[in-house]
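Heads up: the structure comes next, in structure tokens.
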Amino acid sequence: MARLPGSYSAELPILVVGTDHHHALLELRERVAYDPRETEDALVGLIAMPEIEEAVLVSTCNRTEVYVRHHDGLDAFQQSLETVFLARAPEIGEEGRFFVKRGDAAARHLLSVAAGLESMVLGEPEILGQVKQATVMAEQLGTAGAVLARLARSAAAAGRRARAETQIGAGAVSFGYATVDLARNIFRGLDQCSVLVLGAGETATGVARSLLERGAGELRLANRTRERAEAFQREFPTAQVLGFDERLGALEAADLVVAATSAPEPVLRRDDLEPTLRQRKGRPLLIVDLGVPRDVEPSVGEFGNVFLHDVDSLKQLIEHNLKRRREEVAGVEAIVDEELERFAVWFGGLEAAPVVAQLHRRAEEIRQREISKHRSLFPDTTHDQLDVLTRSIVRKILHHPSAQLRESAEQENLRHLAALKDLFRLDDNESDTK
């Protein structure tokens with residue numbers, strides 16, 4: 001675990017207050033979900049409080065978390081909880097419905113979130129972009145300063161490395177992306193794939209969204225109810241909406257069929273499909289049946305070049321991929337450790353910076369005093385060179401210790417900070433006169 005400079009300095013002045021799918025049901029999470037405008041108002045309100053110096057608010061469908069850099073941890077916690085959560089959903093204040101983490105635990109949490117370790121679906125990639133968007137908004141508003149902006153960059157680095165150096169994001173772990181994987185195994189490219197969706201409920205819409213996000217081409221919908229069909233088309237304006245009785249005719253042009261209706265019996269039967277399949281002349285057809293009960297008669301899968309998958313087969317694929325992802329957790333945690341250590345080093349440098357600046361000021365005072373005292377001993381024509389020479393000597397003497405103090409947050413070096421301040425009397429108000 002990264003070692004923050006807590007033994008020889010104040011604890012990292014960061015805390016996070018939040019709720020997520022581990023702590024609150026969806027109905028509560030919905031009440032504390034923030035749109036961009038509401039996020040701006042909340043951040044501005046937090047920054048106006050004297051105990052809070054910086055603030056970033058991350059709000060997604062599964063989590064709402066506010067990160068603050070504070071002057072007073074207890075007051076900052078109370079203000080954050082009240083402003084972001086209790087004002088909207090007082091029930092979240094009950095035990096177990098929110099969490100708070102302080103110091104290095106708060107920093108680690110953000111890195112773990114960005115790396116996908118805290119997601120409802122382990123390793124899901126969207127959260128990394130959501131953390132970035134939240135930070136950009138806070139920086140534009142001026143509510144994210146040096147510390148939270150640097151912490152967010154560390155989180156982004158952890159997220160990128162987790163996905164590049166491990167398999168934490170490998171394999172489909174949702175019906176939508178499992179369907180994408182199946183299609184990619186059969187067709188050359190999704191952009192040339194014609195998709196027919198039967199049903200316009202949540203499952204069908206989610207799969208359609210995944211397919212379009214990954215570049216699927218033509219999209220058609222056949223649905224019984226007009227209201228849901230209109231809602232589907234509002235989300236996917238390029239989709240062609242058909243009557244449900246037109247579904248069999250649409251099969252001739254389709255490459256992929258997603259069936260996810262609530263019908264009590266199959267909506268695609270072997271006898272209905274046989275004439276259409278003859279017209280296709282052997283073109284591959286992938287059918288993903290997500291209906292429960294099933295929307296497609298199992299015997300349809302017996303036709304040549306018809307690839308039929310149902311809910312159980314997709315669940316097996318998803319569980320296999322989740323197992324692979326769980327095996328990558330230790331590797332991702334090691335990446336989080338490394339990026340947290342880098343942040344700790346940077347934060348330790350913040351402590352060193354004022355001391356280094358004091359040291360350089362003290363050295364410059366001494367140099368100027370000695371130059372003034374002895375300038376008359378040198379010819380006037382050499383005064384400029386004398387100034388350049390002595391300035392260079394001081395700079396070279398201080399360069400190495402200054403660089404080491406800035407770049408390291410090791411405990412030993414933090415001890416050196418205290419020794420340096422004592423040896424050079426850097427806390428004294430009076431300049432050295434000797």
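Please read these numbers as outputs of a predicted model, since none were measured by experiment.
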Taking the side chain as every heavy atom from C-beta outward, state whether V241 and N223 have any pair of such atoms under 4.5 Å apart. no

Find the distance between CG (L122) and CD (E328) and round it off to the nearest 0.5 Å. 10.0 Å

Under the 6.0 Å and 45° cation-pi test, does R108 pair with F343? no

Checking the side chain of R163 only, and the main-chain atoms of G159 only, is there a donor and an acceptor separated by less than 3.5 Å? yes

In the structure I gave you, are the side-chain heavy atoms of L57 and T64 within less than 4.5 Å of one another anywhere? yes

Do the side chain of T60 and the main chain of N62 share a donor and acceptor less than 3.5 angstrom apart? yes

Close side-chain approach of V300 and V306, heavy atoms under 4.5 Å: yes

Charged N to carboxylate O under 4.0 angstrom, E94 versus R97? yes

Side-chain donor/acceptor of D75 to backbone N/O of E51, under 3.5 Å: no

Using a 3.5 Å distance criterion without hydrogens, assess whether the side chain of R283 forms a donor-acceptor pair with backbone atoms of L277. no

Heavy-atom distance under 4.5 Å between the side chains of L398 and H360, does that happen here? yes

Out of curiosity, S59 OG to M137 CE, how far, rounded to the nearest 0.5 Å? 10.0 Å

Might you point out which heavy atoms bring W346 and A146 nearest each other, and give the distance in Å? CH2-O, 3.6 Å

Kindly give the heavy-atom pair with the smallest separation between Q79 and I52, and that separation in Å. CB-CD1, 4.4 Å

Hey, does the Lys NZ or Arg CZ of R280 hover above the aromatic six-ring of F303, less than 6.0 Å from the centre and inside 45° of the axis? no

Criterion salt bridge (Lys or Arg N to Asp or Glu O under 4.0 Å) on R220 and E246, from CA distance to verdict: CA-CA 11 Å; R220 290 186 175 91; E246 299 178 86; over 6 Å; no

More than 12 non-hydrogen atoms from neighbouring residues, nucleotides or ligands closer than 6.0 Å to CZ on R228, yes or no? no

Please check if the side chain of E297 supplies one atom and the backbone of S299 the other of a donor-acceptor pair under 3.5 Å. no

Salt-bridge present (E118, R63; N to O < 4.0 Å): no

Residue pair V257 / L285, side-chain heavy-atom distance below 4.5 Å: yes

Presence of salt bridge, E302 and R270, under 4.0 angstrom: yes

What do the steps show when you test L268 against L198 for side chain to side chain contact (heavy atoms under 4.5 Å, CB included), and what is the final call? CA-CA 10 Å; L268 292 180; L198 306 180; 3.8 Å; yes

Using a strict 4.0 Å threshold on nitrogen-to-oxygen distance, state whether E53 and R69 make a salt bridge. yes

CD of E139 to OG1 of T135, rounded to nearest 0.5 Å, is 6.5 Å

Determine the minimum heavy-atom distance between E65 and V113, stating which atoms define it. OE1-CG2, 3.9 Å

With side chain to side chain contact (heavy atoms under 4.5 Å, CB included) as the test, would you mind laying out the steps for L219 and F232 before giving the verdict? CA-CA 11 Å; L219 177 64; F232 187 95; 4.0 Å; yes

Assess whether a salt bridge exists between R326 and E319, defined as any Lys/Arg side-chain N lying under 4.0 Å from an Asp/Glu carboxylate O. yes

State yes or no: are the ring centers of H23 and F98 separated by less than 6.0 Å? no

Where do V180 and L190 land on the side chain to side chain contact (heavy atoms under 4.5 Å, CB included) test, with the steps shown first? CA-CA 8 Å; V180 169; L190 282 178; 3.8 Å; yes

What is the distance from atom CD1 of I47 to atom OG1 of T143, rounded to the nearest 0.5 Å? 5.5 Å

Report yes if some heavy atom in the side chain of V121 is under 4.5 Å from a heavy atom in the side chain of S174; otherwise report no. no

Using the ring pair (Phe, Tyr, Trp, His ring centres under 6.0 Å) rule, take H22 and F99 through it: C-alpha gap first, then chi angles, then the decisive distance, then the call. CA-CA 10 Å; H22 295 299; F99 65 86; 9.1 Å; no

Closest non-hydrogen atoms of R224 and A263, given as atom of the first, atom of the second and distance, are NH1-CB, 3.8 Å

Taking the side chain from S313 and the backbone from H309, do they hold a donor-acceptor pair closer than 3.5 Å? no

Among L273, D295, D310, find the one that has a side-chain contact (heavy atoms from CB on, under 4.5 Å) with I287. L273

Test Y177 against E213 for side chain to side chain donor-acceptor pair (under 3.5 Å), laying out the working first. CA-CA 10 Å; Y177 291 127; E213 286 174 354; 2.7 Å; yes

How long is the gap from CD on E82 to CZ on R88, to the nearest 0.5 Å? 13.0 Å

Regarding E327 and K323, does a basic nitrogen lie under 4.0 Å from an acidic carboxylate oxygen? yes

Dump the intermediate steps for side chain to side chain donor-acceptor pair (under 3.5 Å) on T179 and D181, then the final yes or no. CA-CA 5 Å; T179 302; D181 277 359; over 6 Å; no

Salt bridge flag under 4.0 Å for residues R226 and E230: yes

Y67 side chain to L151 main-chain N or O, any donor-acceptor pair under 3.5 Å? no

Is the closest basic N to carboxylate O distance between R209 and E235 below 4.0 Å? yes

Donor-acceptor side-chain pairing of S194 and D255 below 3.5 angstrom: no

Quick one: do V147 and R150 satisfy side chain to side chain contact (heavy atoms under 4.5 Å, CB included)? Show the steps, please. CA-CA 5 Å; V147 173; R150 180 61 177 80; 6.0 Å; no

Scanning both residues in full, the closest heavy-atom pair of L26 with C61 reads CD1-O, 4.4 Å

Quick one: do R37 and E40 make a salt bridge, cutoff under 4.0 Å? yes

Check: H70 ring centre within less than 6.0 Å of F77 ring centre: no

Minimum side-chain heavy-atom gap L256-V258 below 4.5 Å: yes

Residue pair L28 / T19, side-chain heavy-atom distance below 4.5 Å: no

Could D20 and R29 be called an ion pair, given the rule that one side-chain N must be under 4.0 Å from one carboxylate O? no

Is a donor on one side and an acceptor on the other found under 3.5 Å between the side chain of E54 and the backbone of G145? yes

Identify the heavy atoms of T276 and L248 that sit nearest to each other, and give their distance. OG1-O, 3.7 Å

Nearest 0.5 Å, what's the CD-CG distance between E218 and L196? 10.0 Å

Are R294 and D289 close enough for a salt bridge, meaning some N to O gap below 4.0 Å? no

